[in-house]
Amino acid sequence: MPPRPYLLALLAPALVALVLFLLLGWNMDAVYVSLSTLLGSGLTLVAARGLLQRRLSELAQRALTRPEEVPAPATTPSPPPDEEELEEVALLQRTLDALHQRHATLNAGHLQEARTLTAVLDGMAEGIWVTDVEGTVVRHNDALRGMLLSTGDIIGQRPLTLLRHGSLNEAVHRACHEGASTRLELTLDDVLSRTLAIRVTPLGGDLPGSAAVFHDVTELRHLEKVRKDFVANVSHELRTPITAIRGYAETLQSGALANPQVATKMVDIIHRQSERLSELVEDLLELSRLESREVKLRLQDVPLAVAASRAAEAVRHKAQGKRISLELNVPPDLQARGDERGLEQVLLNLLDNAVKYTPEGGRVTVTGGQEDGRCVVHVSDSGVGIEARHLARIFERFYRVDKGRSRDMGGTGLGLSIVKHLLGAMGGEVRVESQPNEGSTFTILLPAAVPSDASAG
Ligand code: ADP
């Protein structure tokens with residue numbers, strides 16, 4: 001153990017004085033020498049105290065330094081205690097170093113955890129905010145900014161400032177002060193009219209405040225509505241012919257059979273309605289197969305003139321019945337890349353509509369050509385035309401401009417929807433231009449056939 005300087009400074013002068021008194025007895029010389037020795041040791045003590053104070057304040061300074069401010073505690077240990085230093089001071093220094101080391105390790109762990117948490121939060125599709133007990137936002141993730149369409153500060157804001165919905169504000173208040181969780185759904189009045197499903201919960205444990213998770217369910221709600229509308233439409237469409245069939249059958253049963261003239265008419269109607277029913281079911285099945293990608297299209301080079309003339313043959317009888325001229329003007333060498341049966345179906349649906357919605361004595365033409373390396377076919381008619389406000393919607397399932405007229409003509413409201421799906425599956429598209437009472441032109445665009453020398457190579 002090293003000699004302790006402060007003990008030496010006190011004991012040495014006492015020993016000197018004792019020896020002097022023993023040797024010289026009680027006289028003035030001994031007193032002077034003792035006094036000067038004591039004075040010397042007093043000065044030594046003052047100096048030692050000063051050193052000790054400096055050293056302690058150094059250690060205190062070091063102790064106050066936050067662990068992360070120490071560059072790398074493990075690699076830069078405190079300078080080794082000097083030989084003369086008090087063991088207690090050295091021990092204090094070692095203890096402080098060990099404490100720093102532990103704090104630095106803990107701190108590094110916390111920093112790592114905080115970074116991981118931030119990365120996880122920012123990687124989430126759901127928006128998240130955390131509030132303090134007053135309901136002021138203290139933290140949020142990136143997704144929340146997008147959901148609130150906010151470019152300003154979110155931290156420091158209250159729920160009511162960010163989303164003007166009292167119910168959300170109340171939910172945050174309940175979570176902060178009553179520890180209650182709330183689920184709510186808000187439809188925002190912004191341009192996108194989005195629907196957000198929000199869950200607000202208290203932070204829990206000893207933590208005051210609340211957390212809210214925002215989930216954008218706009219698409220989900222839209223799909224639910226589309227599904228509900230579809231089911232409602234299908235039921236309605238099926239009910240109409242079924243009601244007619246049942247009604248006429250009952251009338252026949254209750255005596256109309258006895259009148260052959262009336263009975264024949266009624267059986268005709270029953271037959272027509274049952275055909276309509278089967279067309280509807282066929283179209284529905286076709287559409288459902290297309291949507292679920294069950295239909296396997298076989299893409300090949302299809303001569304469009306052949307496809308157009310087959311489709312025209314199928315409607316020629318109907319066109320003749322209405323004295324509608326049907327002209328085909330498709331170059332024989334025009335070939336598209338598509339599914340043969342699918343293309344015929346597309347052209348048939350368009351031609352069938354053209355004939356259906358063109359009054360007696362009108363004109364329907366099919367012209368083909370190429371545009372920007374793609375095949376183009378126009379199906380034009382001189383029919384009733386379509387008002388501009390309906391144009392964007394006529395490709396939707398069951399959308400009809402004039403419900404009564406479509407049904408009278410035997411339409412299912414699914415023809416154009418099937419056209420759009422079929423062309424989409426073949427890498428093509430359909431467009432429409434129309435003027436009420438002047439006619440319509442439906443244009444289909446398809447990839448051109450692969451040139452034969454390219455396919456050979
Ligand atoms: P529908 O079976 O009712 O004809 P579609 O899906 O084929 O159903 O067409 C949707 C609607 O678009 C039709 O109800 C009709 O109002 C309109 N339409 C389609 N083709 C034409 C056309 N050539 N001329 C005028 N209106 C048309």
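Start at 1 with the first residue, then count along the sequence. Basis for what follows: all heavy atoms, side chains included, without hydrogens, waters or symmetry-related copies. Whatever order the structure lists them in is the order used to number ligands and atoms, beginning at 1.
- For the pair Glu286 and Arg289, the salt-bridge criterion is met [side-chain N within less than 4.0 Å of a carboxylate O].
- At the shortest separation from atom 3 (O) of ligand 1 among protein heavy atoms lies Ser406 OG, 2.5 Å.
- The protein atom (non-hydrogen) at minimum distance from atom 6 (O) of ligand 1 is Leu416 N, 2.8 Å.
- For the residue pair Gln345 and Asn349, a side-chain donor N or O sits within less than 3.5 Å of a side-chain acceptor on the partner.
- Nearest to atom 14 (O) of ligand 1 among the protein's heavy atoms is Arg400 CG, 3.1 Å.
- If you check the side chains of Ser380 and Thr441, you find a donor sitting under 3.5 Å from an acceptor.
- Using the six-membered ring where Trp is involved, Phe442 and Phe395 have ring planes that are perpendicular, over 60° apart on the 30 and 60° scheme.
- In the model, Ser309 has no side-chain atom that pairs as donor or acceptor with a side-chain atom of Arg316 under 3.5 Å.
- Proximity of Ser440 to ligand 1 is established by a heavy-atom distance of less than 4.0 Å.
- Glu344 has its side chain out of reach of Val302: every pair of non-hydrogen atoms, C-beta onward, lies at least 4.5 Å apart.
- Using a 4.0 Å cut-off between heavy atoms, Leu414 contacts ligand 1 through its backbone alone, with no side-chain atom that close.
- Distance alone, capped at 3.5 Å, places no donor-acceptor pair between the Asn107 side chain and the His103 backbone.
- With respect to atom 21 (C) of ligand 1, the closest heavy atom belonging to the protein is Tyr357 CD1, 3.5 Å.
- Between Thr365 and Asn329, the closest side-chain pair of non-hydrogen atoms is not below 4.5 Å.
- Annotation: the span from Lys356 atom NZ to Asp381 atom CG amounts to 12.0 Å, rounded to 0.5 Å.
- Of all atoms in ligand 1, numbered sequentially from 1 with element shown, those under 4.0 Å from a heavy atom of Gly415 are 5 (P), 6 (O), 7 (O).
- Among protein heavy atoms, the minimum distance from atom 19 (C) of ligand 1 is reached at Asn353 ND2, 3.5 Å.
- When hydrogens are left out, the protein atom nearest atom 8 (O) of ligand 1 is Gly413 CA, 3.1 Å; that is the closest non-hydrogen contact.
- Within the 4.0 Å heavy-atom criterion, the part of Tyr399 lying near ligand 1 is the backbone and not the side chain.
- Residue Phe398 places every heavy atom at 4.0 Å or more from ligand 1.
- Only the side chain of Ile386 comes within contact range of ligand 1, with a heavy atom under 4.0 Å; no backbone atom does.
- Closest protein heavy atom to atom 17 (C) of ligand 1: Val401 CG2, 4.1 Å.
- Atoms of ligand 1 lying under 4.0 Å from any heavy atom of Thr412, numbered from 1 in the order shown and given with element: 2 (O).
- Against a heavy-atom cut-off of under 4.0 Å, Ile394 is close to the following atoms of ligand 1: 10 (C), 12 (O).
- In this structure, the side chain of Ser434 engages the main chain of Gly439 through a donor-acceptor pair within 3.5 Å.
- Each of Glu185, Arg199, Glu126 was checked for a side-chain hydrogen bond (donor to acceptor under 3.5 Å, both in side chains) with His215, and the lone residue meeting it is Glu126.
- Nearest non-hydrogen protein atom to atom 23 (N) of ligand 1 is Asp381 OD2, 2.9 Å.
- At a heavy-atom cutoff of 4.0 Å, ligand 1 is contacted by the side chain of Lys356 but not by its backbone.
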